[in-house]
2 protein chains.
Amino acid sequence: MKDSKIIDVAREAQVSVATVSRVLNDSRHVSPSTKAKVLKAIEYMNFTPNASAKNLRSQKTRTIGVVVSDIHSSYFAEIVKGIENMANALKYKIIICDTQNEKEKELEFMSLAMNRTVDGIIFVSPVISNRDIAAFCERGYSAAVIGRHVEHPDIPCAYTDNVKLAREVMQHLLEMGHRRIAFISGYADAIDSYERLEGYLKALRDAELPFVPDLVENGDFNETEGYLAFKRLWEKNPDMTAVFAANDEMALGVFKACRELGIPVPGRLAVVGVDNNRVTKYTSPTLSTVDQPNYAMGALLVEKFIDQMNDNDFIDKRVFKVDSKLKIRESSDFRLNRET
Amino acid sequence: MKDSKIIDVAREAQVSVATVSRVLNDSRHVSPSTKAKVLKAIEYMNFTPNASAKNLRSQKTRTIGVVVSDIHSSYFAEIVKGIENMANALKYKIIICDTQNEKEKELEFMSLAMNRTVDGIIFVSPVISNRDIAAFCERGYSAAVIGRHVEHPDIPCAYTDNVKLAREVMQHLLEMGHRRIAFISGYADAIDSYERLEGYLKALRDAELPFVPDLVENGDFNETEGYLAFKRLWEKNPDMTAVFAANDEMALGVFKACRELGIPVPGRLAVVGVDNNRVTKYTSPTLSTVDQPNYAMGALLVEKFIDQMNDNDFIDKRVFKVDSKLKIRESSDFRLNRET
DNA sequence: ATGAAAGCGCTAACAT
DNA sequence: ATGTTAGCGCTTTCAT
């Protein structure tokens, strides 16, 4: 079946291509009778306007690129869903780039903006630097960011306060009587890792507790590294009583290590993660974690981003700091007896 | 910054646009010196070829649409990752459509093929009917399917044998001494549900056990429905000793219900899921499940699909039935004492 | 209200 | 080996 084009429709309806185009788009300056004729011809010819031609002519694609580290994780999947649903509602499409934290792949993906395959890119990946994103923007491309704040007048962002989030987790653990609290970080170069570690440090300082380097280990945001990091920690710190993992996947790794080592959770060790992964309510024990409105962040940001791209004198608010919420569940809901 | 176009480069390099185009593409019939000149001009002008123009001219977009039910599930996320990585390696892009099983959204997404935004669509969603997909193909669009077999000469597919898979799970449970085995299905209209239920039935028949309708409940492939379905089952069948859930998410819901009801797993109740979700190794008890090579299926299929789209007399194999593998873990690794 | 025609930026057939 | 030119299918300005 060969696609029909606008000129075929025009011929069929005995009008000019301009008229068909008008019917296809605004259709304001078309008489009802002509409009009806054209619509009928479109229907009859089974006509669908060619997107490439439209894109070329309009210099827009109504497509947004989305860069994520790993779509196979609750955090990113929820954000992507939010973006995708809102984008679709606004007649936009999204092209996904799953980078596995390979900076090279992220950089390569930017070429889709340069060759105008996408109208703009949303970075949900924590690895690329703010500087790279700002530079990208300076070169005339549209960018938006989820998960952190980029100081740039043209870059919309939505994020939670990781430092505050980490402090709240720590405060909860401190209130439960814990004093030797370990921290399992994510990738060393992920911004979330930095910020959550910073919150960990500030909480220690507030509580006038010393920072013990042995109580910190790097993971990679995955279960296996959480498991291994915990084993290293436990080896070095037999007296620790709590673990704060920078995300839920790593906390699950800690759970597994604890079962193998016969460490009761939360009786002997409290565990807290971050992200409110959908499984955390279904583990045993249920996992204390921090809920972030991921889906909503994605939806909100893409909406503002699209607004901005279509409106040169966009003056609306661009920076969204959303609240996260500590969910205390079984894995940390146990008060240490300080007298013991 | 205004984009430079091919004619700007031509002017800069003092050659014709055709020569620039040749350098950009095959570059066979270009002398080394001209080529160098052009390359230098491209570099100097910071030129990137416009994708829309190229797409319009070549009538191809090197973009594939991917329809999934829910990217926020291990099964789909792994498949999508496989598709995305292989597609990128072949210089293709993917546009995702997360349908939440809304058939309407799937149908709408097909318009991207009609208006030539994508070169073809891979359906990973279990809801759309084989007939709809075949019809789509008959209208001249390229389609491929993951997760089941569509009888059509032009539709590549990769899938596992759901009936066999379900029989193997049942055989395992039967061997462990179970006789009253419940089945929690997924969406009533998902093909995976049908087929796994069929396997469940055939296994019962093979074992000369009666089919008891009260032992089957529908879920929706999510944790919450798994939880609720199990509660209904338990109410009706206090004597059941095993549950086969059509996917892991629902099995996690069963775990939660068991903890609340004080049912020891696997001591009193065996539980088996499907998908080998990444968390199943980290739950307590670890969950018996069925591993399918999701990532590999996605990668393999998209590779063949791209081959086929670019080669009219493609004669390569189109149907890939891949093996799944039962993973017996703690949740079902307990032999009932038949004498009790 | 409708039509004619000029491009959007690129590729490829044809000419030299 | 290199250049000229006709479109790909659409939108939009400018006429009428």
Side-chain angles (χ1 to χ4, degrees), chain A residues 1-39 41-42 45-63 111-119 310, chain B residues 1-39 41-42 45-63 111-119 310:
Chain A
M1 179 195 105
K2 202 159 172 340
D3 296 332
S4 55
K5 8 190 207 179
I6 211 169
I7 195 173
D8 301 322
V9 176
R11 232 170 333 240
E12 172 71 23
Q14 314 225 54
V15 297
S16 72
V17 291
T19 302
V20 177
S21 179
R22 285 192 191 100
V23 171
L24 251 21
N25 300 296
D26 53 4
S27 79
R28 275 172 312 205
H29 300 294
V30 186
S31 79
S33 67
T34 331
K35 186 172 171 182
K37 250 196 323 191
V38 172
L39 253 17
I42 288 175
M45 307 283 303
N46 221 311
F47 169 78
T48 316
N50 179 292
S52 297
K54 196 167 185 166
N55 292 346
L56 174 58
R57 180 60 225 228
S58 65
Q59 304 284 31
K60 288 213 158 45
T61 60
R62 294 191 84 86
T63 306
S111 68
L112 294 191
M114 303 174 187
N115 71 24
R116 305 296 171 190
T117 293
V118 299
D119 294 341
N310 292 322
Chain B
M1 177 196 102
K2 201 155 172 343
D3 296 333
S4 56
K5 6 191 210 179
I6 214 170
I7 195 172
D8 301 322
V9 176
R11 234 175 326 244
E12 172 72 23
Q14 314 225 51
V15 296
S16 73
V17 291
T19 301
V20 178
S21 178
R22 286 194 190 96
V23 172
L24 251 21
N25 299 295
D26 52 4
S27 81
R28 276 172 312 204
H29 300 294
V30 186
S31 78
S33 67
T34 334
K35 185 171 172 182
K37 248 195 326 188
V38 172
L39 253 18
I42 287 175
M45 308 282 304
N46 220 310
F47 168 78
T48 314
N50 179 293
S52 297
K54 198 168 184 165
N55 292 346
L56 174 59
R57 181 59 225 228
S58 64
Q59 304 285 33
K60 287 211 160 43
T61 60
R62 295 189 83 84
T63 306
S111 68
L112 294 190
M114 303 175 186
N115 69 26
R116 303 299 170 189
T117 292
V118 300
D119 293 343
N310 292 322

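Per chain, numbering begins at 1; letters A, B, ... match sequence-line order.
Sorted by first and then second residue, the side-chain hydrogen bond (donor to acceptor under 3.5 Å, both in side chains) pairs involving residues 29-38 of chain A (not counting sequence neighbours) are A:Ser31-A:Ser33, A:Ser31-A:Thr34.
Residue B:Asn55 contributes atom CG, which lies 16 Å from atom C1' of D:dG7 at whole-angstrom precision. Counting to the nearest Å, the P atom of D:dC8 and the CG atom of A:Asp3 are 13 Å from each other. Remark: P of C:dC8 and CG of A:Asn115 are 19 Å apart, rounded to the nearest angstrom. C:dG3 atom C1' lies 15 Å from atom CZ of A:Arg11, rounded to whole Å. Here D:dA1 presents its C1' atom at 17 Å from CD of B:Gln14, a figure rounded to the nearest Å. Rounded to whole Å, atom C1' of C:dG7 lies 12 Å from atom CG of B:Leu56. If you measure from atom NE2 of A:His29 to atom P of C:dA1, you get 7 Å, rounded to the nearest angstrom. The CE atom of B:Met114 sits 18 Å away from the P atom of D:dG9 (whole-angstrom rounding).
Comparing the axis of the opening five pairs of the helix from C:dA1-D:dT16 to C:dT16-D:dA1 with that of the closing five pairs yields an angle of 40°, rounded to 10°.
Between the CG atom of B:Leu112 and the OG1 atom of A:Thr48 there is a distance of 11.0 Å, given to the nearest 0.5 Å.
Taking 4.5 Å as the limit, some side-chain heavy atom of A:Asn50 sits within range of a side-chain heavy atom of B:Gln59.
Contacts of residues 30-37 of chain B with DNA chain D (heavy atom under 4.0 Å): B:Val30, B:Ser31, B:Thr34.
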task = Using a 4.0 Å cut-off on protein heavy atoms (strictly under), produce a 5'-to-3' string for nucleotides 10-16 of chain D with B for base contact, S for backbone-only sugar-phosphate contact, and - for none.
result = BBBB---

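In this model, the phosphate group of D:dG9 is approached by a side-chain N or O of B:Gln59 to a distance below 4.0 Å at OP1 or OP2.
Under the rule for a salt bridge (charged side-chain N to carboxylate O under 4.0 Å, His left out), the partners of A:Asp8 that lie at least two apart in sequence or sit in another chain are A:Arg11. Listed by chain and residue number, A:Lys60 satisfy the side-chain contact (heavy atoms from CB on, under 4.5 Å) test with A:Ser58 (two or more places apart in sequence, or in another chain).
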